[in-house]
A.B. asks: 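Submitted below is the structure of interest, expressed as structure tokens.
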Amino acid sequence: MRVRASEWILAIVTTDPDYRATGAAPVFYARDRDDLERIALYLSRVTLGSAHEIQPGTLVIMRH
């Protein structure tokens, strides 16, 4: 069975307007920390994924 990272990463949420993803996951831009957490919470619920902070101001929504 072959598993690729693109199958686990469902979305990226960031407050950094210059952030550019190189993968296939959609990127959502948040205005501030509260907006970041709100978007990540909604996306996690909708996709049944989990949010993980990969750097300050950037979260990935992943499926485990």
A.B. asks: Got Y19 and I12 here, is their nearest side-chain heavy-atom distance under 4.5 Å?
C.D. replies: yes

A.B. asks: Could you grab the distance from atom CD1 of I54 to atom CD1 of I9, nearest 0.5 Å is fine?
C.D. replies: 7.5 Å

A.B. asks: Hey, are the side chains of R38 and R33 touching, using non-hydrogen atoms and a 4.5 Å cut-off?
C.D. replies: no

A.B. asks: Does atom CZ (R45) have a neighbourhood of more than 12 heavy atoms from anything else shown, all under 6.0 Å?
C.D. replies: no

A.B. asks: Do NZ/NE/NH1/NH2 and the carboxylate oxygens of E37 and R31 come within less than 4.0 Å?
C.D. replies: no

A.B. asks: Roughly how far apart are S50 OG and L10 CG, rounded to 0.5 Å?
C.D. replies: 9.0 Å

A.B. asks: Y29 and T15: side-chain contact (heavy atoms from CB on, under 4.5 Å), yes or no, with the steps?
C.D. replies: CA-CA 6 Å; Y29 294 97; T15 56; over 6 Å; no

A.B. asks: For the atom pair CE (M62) and CH2 (W8), what is the distance rounded to the nearest 0.5 Å?
C.D. replies: 6.5 Å

A.B. asks: To the closest 0.5 Å, what do you measure between CG (D16) and OG1 (T58)?
C.D. replies: 6.0 Å

A.B. asks: What is the minimum heavy-atom distance between I61 and S44, and which atoms define it?
C.D. replies: CD1-OG, 3.6 Å

A.B. asks: Side chain to side chain contact (heavy atoms under 4.5 Å, CB included) with V13: which of L41, L36, D35, V27?
C.D. replies: L36

A.B. asks: How long is the straight-line distance from CG of L43 back to CG of L48, given to the nearest 0.5 Å?
C.D. replies: 12.0 Å

